[in-house]
Every structure is written in C-alpha cells, then in structure tokens.
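Please read all numbers here as calculations on a predicted model, not as lab measurements. One is the number of the first residue; the rest follow in order along the sequence.
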Amino acid sequence: MNILELRPDMSGHEIQALKFAYEPSPDQRNEHPTHHPVVVIGAGPVGLSLAIDLAQRGQKVLLLDNDDRLSNGSRAICFAKRTLEIWDRLGVGDACVDKGVSWNVGRLFRGSEQVYQFDLLPEQGHERPAFINLQQYYAEAYLLQRATALPNLEIRWKNAVVALDQIEGENGKVIVGVDTPYGPYQATSDYVVACDGGRSSIRALMGLESKGQVFQDRFLIADVKMTADFPAERWFWFDPPFHPNQSVLLHRQPDNVWRIDFQLGWDADPDEEKRLERITPRINAMMRQALGREVPFELEWASVYTFVCLRMERFRHGRVIFAGDSAHGVSPFGARGANSGIQDAENLAWKLDAVLKGKATALAAEALLDSYGTEREYAADENLLNSTRATDFITPKSEISKQFRDATLDLATEFPFARQLVNSGRLSVPATLETSPLNTPDSEKFDSPIRPGAPAADAPITHAGKTEWFLRQLGQDFTLVVYSNEIPADLAQTEVDKVLVVTGVTSLQDGPGLRVICDNEGLFARRYDARPGNAWLIRPDQHVCARWRAPRAADVGAALLRALGSPIQD
C-alpha cells in the first residue's frame with residue numbers, strides 16, 4: 001500500500017501493519033558514490049520533520065531507515081503546542097489535531113483525594129491547545145504522507161547505515177556506507193543528520209556516547225482500549241489506594257485507548273510485569289477506585305521502561321549532526337523527549353538550508369551550524385534538569401526526600417505557593433534561548449517575555465477581513481514584524497525576506513513586499529508589549545532574535561547578519 005493512499009478512517013492496527021517495500025536504489029548500480037546534499041538517518045518523528053522542513057525549503061534530501069514500518073505501540077503520545085505550531089508549518093498540524101485528543105487540564109491526587117488541578121493554557125486567543133495526545137504511529141503516518149508528496153525528498157527503507165567517514169577540507173563531505181537486502185553501497189553527502197534514536201547506531205559508529213544518569217526504578221506502560229468516563233485530562237496519583245506507595249499516570253488517547261503508567265520499583269521483573277495476568281488486576285483496582293466499577297478492556301500494548309537522563313557532550317561533530325533521542329534522552333514524565341526532538345529539527349533545518357544556499361560566508365556558516373549545538377545543548381540541559389527533578393520528586397531515594405515530597409503535597413492542598421514545588425513531570429515548554437550568539441541584545445525595555453531567544457507567541461488577527469492567526473503569517477525565512485498604523489517605508493527596504501505590518505486600524509492594505517494584518521482584539525499588542533513604531537526580527541524557526549522600540553534599517557541589517565552567524569561588534 002502506498003502511504004499516499006492513507007485513509008482517514010484507518011485504525012491504529014492498520015497503521016501499524018503498513019509495510020513499505022524495499023526498492024533497490026540507482027546508487028547501488030553506480031560505479032562511484034552518488035552525492036546527496038543532506039542525508040537524514042531515521043524516519044521517526046524527528047527525522048521526518050527535519051527532512052520535510054529541508055525539502056520544503058528546496059533542498060534535496062535522502063532519508064534512510066533500517067526498518068520498513070512505522071513505530072510499534074503508542075510510544076510518544078503527548079505533543080505540545082509548540083510542536084503543533086511547527087507541524088502547522090510542515091503541513092501536518094491539522095491532521096494531528098483532528099485525530100488527537102486535545103487537553104489543557106491536569107489533576108493531581110494523593111491517595112484518593114484530589115490535591116489540586118491546573119490549566120496549562122488558561123488564556124484564550126491561541127490556535128492550538130496546550131497538548132494533544134496522539135499515538136506516535138499516527139503522527140509518523142501523517143508526516144510520512146506529507147514527506148512522500150515532496151518530489152525532492154527520497155525515502156529508502158531497509159537501508160541501514162553501517163559506516164561513516166568524514167573528509168575534511170574546503171570540499172569536505174561524508175562518505176556513508178549503507179547495507180541493504182540487495183547488498184551494500186556508498187553515497188556521499190555535504191551533511192549527515194543522525195535522528196536514529198536513543199540506541200543510535202551512528203553514535204556507536206563514531207565512538208561517541210551519551211552520559212548522564214540512569215535512575216533505579218521501573219515503570220509499566222499499559223495502553224488499554226476501553227469505554228470509560230474519564231475526561232480528556234492528565235491525572236496523576238501519588239500513593240493511591242489501588243497502587244500503594246507508588247505513582248500512577250492516566251492519559252486518554254484517540255480510539256478509546258488509555259495510557260496508564262504504573263510505577264513498579266527497581267526489583268520488578270520487566271518480562272513478568274508485561275503479562276496480561278499481571279496488568280489486569282492493577283487496572284481493575286484502579287477502575288474500582290476511580291470509577292466505582294470495573295470496565296472491560298483490551299490490552300493494546302505494554303512496555304516496561306527505566307528513567308534515563310543522558311546527553312551527548314556535543315551535538316555537532318563536523319559534518320555529522322545529532323538530533324532528538326540520538327543526542328539526548330529524558331524520562332517520559334513531562335513529554336520532553338519527542339517535543340524537544342522536533343524543536344531540534346526545526347532549529348537545524350533553516351541553518352543547514354542557509355549554509356547550503358550560501359547565505360552566510362564560510363566563517364559565518366561554521367558559526368551558524370555551531371549555534372545549533374549551543375542552542376539545543378542549552379535546551380537539552382534545561383529538559384534534563386526538569387526531568388531529573390521530576391524523577392527525584394516522584395521516586396524519592398531517601399527518607400528526607402520522601403518527607404519533603406509528602407509535606408509539599410500536604411501544603412499544596414490549600415496553599416498555591418506549595419503547588420509550585422510539586423513535580424509530577426513539569427510539562428514540556430519550548431526553551432527560551434537566552435544565551436544564543438544569534439540574539440541581538442535589547443537596547444530598550446519591554447514588558448514582555450517574548451524577548452530575544454524566545455519563541456514567538458500566537459494571537460488572533462485579521463487579514464483582508466478574514467480571521468487568521470499570527471504565527472501562520474510568518475515567512476519561511478526571516479520576518480520583520482512592525483507594529484504601526486502607517487506603512488514603514490524605510491524598513492520595507494531591508495534585506496529581510498518578509499515584512500509583516502501589524503496594525504490597529506483597518507485602512508492599511510498589502511503593498512510590495514508587505515503584508516498587513518490587523519490586531520483587532522489587541523492580544524498581539526498585549527503579549528508583545530507593542531507600541532507604534534516597535535519591531536521584532538523573527539527567525540525562520542519562529543524564535544525572536546531582536547526587538548526595538550524605534551529601529552533603523554541599519555539596526556535590522558546588523559541583527560540579520562548576526563542571526564546568520566556573522567560576528568557583530570556591539
């Protein structure tokens with residue numbers, strides 16, 4: 001079956017049963033290795049997102065995967081608002097949201113009593129919810145469907161990379177050795193990106209490793225299909241009566257499938273705990289406590305995992321770059337793995353594209369690619385810190401830690417300050433890249449968190465009388481956003497690819513190189529602390545890299561050069 005024939009009503013079982021035929025490549029018949037500008041290794045969510053992003057920018061991409069199927073089991077299920085905004089730009093956001101279960105609310109219990117609840121997106125005026133729950137195989141299917149529609153993106157199944165050799169110098173390249181069912185072949189590439197997961201074969205081939213901490217605890221994931229009255233919320237229990245002295249997490253997925261995580265303890269036997277005979281009593285006890293009755297269910301998938309918090313020392317190694325789980329690994333509490341990997345892909349795609357198109361000098365090109373490591377290593381450290389703290393709170397390893405955890409939960413029932421200390425997995429938010437060398441520091445004060453390094457925030461706008469969303473207006477390359485009630489003639493002459501005028505009036509119209517949108521609800525102005533004459537330079541990955549109260553064209557030009565890796569004297 002061709003993935004382009006993916007039916008909207010296909011079940012999860014049908015999606016997982018898809019098998020993609022191995023086809024011998026012309027590269028295998030060539031006397032000399034064929035050259036590909038970019039080779040991406042691994043057709044999971046991160047590799048597919050990166051390959052689509054590059055292909056949409058006009059790059060020719062070769063995507064290699066050692067398997068011939070989508071992921072088995074739900075695996076990553078919580079996709080954050082920022083990921084959905086990235087996938088909107090890649091053409092799969094609507095499909096994921098339409099299929100997924102949207103949610104903003106979480107509840108936290110201790111024993112059988114609710115401690116408190118929280119709303120991750122309490123304010124209105126955002127196109128996307130805080131999170132959707134969607135089985136990874138669905139996300140991969142939608143991404144693959146988009147990928148196969150791009151003529152400059154080639155996917156080769158059952159192509160396992162077994163060798164890498166970097167050639168340095170002005171005409172440097174990477175020689176990639178590939179093994180297939182019909183024998184081996186070689187290809188060359190300007191850049192190779194390893195998106196091949198936590199057990200990365202590319203990392204092993206290069207003699208590299210991830211370092212960090214493995215936590216001595218085990219957790220059972222059970223995906224069960226059942227009709228239950230739980231709302232579409234995140235429910236987390238500390239020490240529930242149906243699973244004493246441990247923790248439990250509950251999420252709703254599409255197709256009436258529920259994800260349940262049971263803490264097991266380090267001594268649990270992983271193989272034994274995955275058996276239906278062991279899982280059934282746990283779920284029945286939970287149902288009796290939470291719903292007052294048992295509910296018939298079918299076990300869809302089960303897995304036992306151990307917390308890890310690991311990362312490579314550096315994500316860039318010459319012309320080989322690591323992204324997603326191949327570069328960093330965190331515990332699943334907090335939904336930081338796949339979401340941070342998708343942000344890796346978005347961060348890297350525009351930089352590789354700029355380098356391959358010669359938008360930066362040789363020196364600036366190196367600095368621009370190095371900034372991928374600087375920025376995403378910073379983000380990984382932030383995720384690792386939050387993941388480690390969550391793990392320590394959920395599974396305290398000393399009596400003092402347990403007393404602190406229990407006292408915090410006691411206080412959190414009544415006192416909001418204590419709720420800030422409760423950590424059942426601080427949920428994924430995009431990193432603000434405060435220390436990025438691509439940022440132009442503020443020269444004037446703004447009362448807004450959307451500062452250089454932060455991702456741009458969405459807001460409802462109108463264009464030509466039609467209600468739309470701000471983030472959808474941003475260009476594929478750099479966008480200069482100007483808040484003004486008149487056309488800024490001088491700024492329209494900058495070298496920025498797109499100028500977006502946000503206005504509070506309805507009299508302005510689009511002009512050459514200008515798109516005019518109306519902030520009719522005033523949310524853009526409030527979120528950005530916008531005043532007439534202010535401007536923001538937004539990168540292709542929708543992170544702000546500069547903002548001004550009254551910019552000159554020269555200011556914008558200097559900020560653009562800096563954001564492309566050129567050193568600027570402040």
Side-chain angles (χ1 to χ4, degrees), residues 80-86 88 104 106 118-131 334-336 339-340 342-343 346-347 371 374-376 378-383 385-386 389 416-417 419-421 423 426-461 469-474 478-483 500 502 504 517 519 521-551 555 559 562-563:
K81 179 176 181 288
R82 183 68 202 130
T83 294
L84 301 176
E85 293 164 350
I86 295 168
D88 281 337
N104 297 328
F118 55 88
D119 190 336
L120 294 168
L121 196 64
E123 60 180 10
Q124 299 299 307
H126 294 269
E127 182 181 10
R128 293 310 187 193
F131 280 89
R336 296 176 178 275
N339 287 298
S340 62
I342 301 300
Q343 291 165 46
E346 184 193 41
N347 186 291
S371 77
T374 301
E375 293 180 347
R376 296 313 301 167
Y378 172 88
D381 285 342
E382 184 177 283
N383 283 321
L385 178 62
N386 279 288
R389 286 174 173 172
F417 84 88
R419 295 169 192 169
Q420 304 301 314
L421 303 175
N423 195 336
R426 298 275 163 77
L427 286 150
S428 175
V429 294
T432 295
L433 307 171
E434 310 252 17
T435 60
S436 172
L438 308 187
N439 293 340
T440 295
D442 281 338
S443 57
E444 296 175 281
K445 183 177 176 55
F446 282 79
D447 185 18
S448 168
I450 307 169
R451 57 194 182 275
D458 210 359
I461 55 92
W469 293 95
F470 172 69
L471 290 181
R472 299 254 190 184
Q473 313 306 307
L474 298 178
F478 283 88
T479 302
L480 180 65
V481 179
V482 182
Y483 190 78
L500 190 64
V502 185
I517 59 177
D519 182 28
E521 296 183 27
L523 283 179
F524 176 91
R526 291 200 293 275
R527 287 174 183 163
Y528 287 76
D529 185 25
R531 305 172 192 169
N534 295 176
W536 297 257
L537 184 60
I538 300 181
R539 305 183 339 182
D541 59 3
Q542 298 184 348
H543 279 252
V544 175
C545 58
R547 61 181 177 178
W548 306 269
R549 286 298 187 191
D555 297 330
R562 170 176 258 157

Colleague: Taking side chain to side chain donor-acceptor pair (under 3.5 Å) as the definition, give me every residue that meets it alongside Q420, ordered by chain and number, with sequence neighbours left out.
Modeller: none
Colleague: What about Y528 and Y483, are their ring centers closer than 6.0 Å?
Modeller: no
Colleague: Does the side chain of E375 reach to within under 4.5 Å of the side chain of H543, using non-hydrogen atoms?
Modeller: no
Colleague: Name all residues meeting the salt bridge (Lys or Arg N to Asp or Glu O under 4.0 Å) criterion together with D381; count only those two or more places apart in sequence or in a different chain, and write none if there are none.
Modeller: R311
Colleague: Is any side-chain heavy atom of N534 closer than 4.5 Å to one of P551?
Modeller: no
Colleague: Say whether, by atom type as modelled, one donor and one acceptor occur between the side chain of N104 and the main chain of A130 under 3.5 angstrom.
Modeller: yes
Colleague: Return yes if some donor-acceptor pair links the side-chain N/O of R419 with the main-chain N/O of F417 below 3.5 Å, else return no.
Modeller: no
Colleague: What residues, two or more places apart in sequence or in another chain, satisfy side chain to side chain donor-acceptor pair (under 3.5 Å) together with T83?
Modeller: N339
Colleague: Is there a side-chain contact between L500 and F470, using heavy atoms and a 4.5 Å cut-off?
Modeller: yes
Colleague: Is there a salt bridge (charged side-chain N to carboxylate O under 4.0 Å, His left out) between R531 and E444? Walk through the geometry before answering.
Modeller: CA-CA 13 Å; R531 305 172 192 169; E444 296 175 281; over 6 Å; no
Colleague: Quick one: does D519's side chain have a donor or acceptor within less than 3.5 Å of a partner on G504's backbone?
Modeller: no
Colleague: Would you please name every residue forming a side-chain contact (heavy atoms from CB on, under 4.5 Å) with D442, sequence neighbours left out?
Modeller: P452, R547
Colleague: Output yes when a side-chain donor or acceptor of N386 lies under 3.5 Å from a complementary backbone atom of E382, and no otherwise.
Modeller: yes
Colleague: Identify, with sequence neighbours excluded, every residue that meets side-chain contact (heavy atoms from CB on, under 4.5 Å) alongside A546.
Modeller: T440, L537, W548, A559
Colleague: Just jot down the side chain to side chain donor-acceptor pair (under 3.5 Å) partners of Q473, sequence neighbours excluded, or say none.
Modeller: E468, R515
Colleague: Heavy atoms, side chains only, cut-off 4.5 Å: are F524 and I517 in contact?
Modeller: no
Colleague: Do D88 side-chain atoms and R472 backbone N/O form a donor-acceptor pair below 3.5 Å?
Modeller: no
Colleague: Compare all side-chain heavy atoms of D458 with those of R128 and state whether any distance is below 4.5 angstrom.
Modeller: no
Colleague: Answer yes or no: is there an ion pair linking D529 with R549, defined by an N-O contact shorter than 4.0 Å?
Modeller: yes
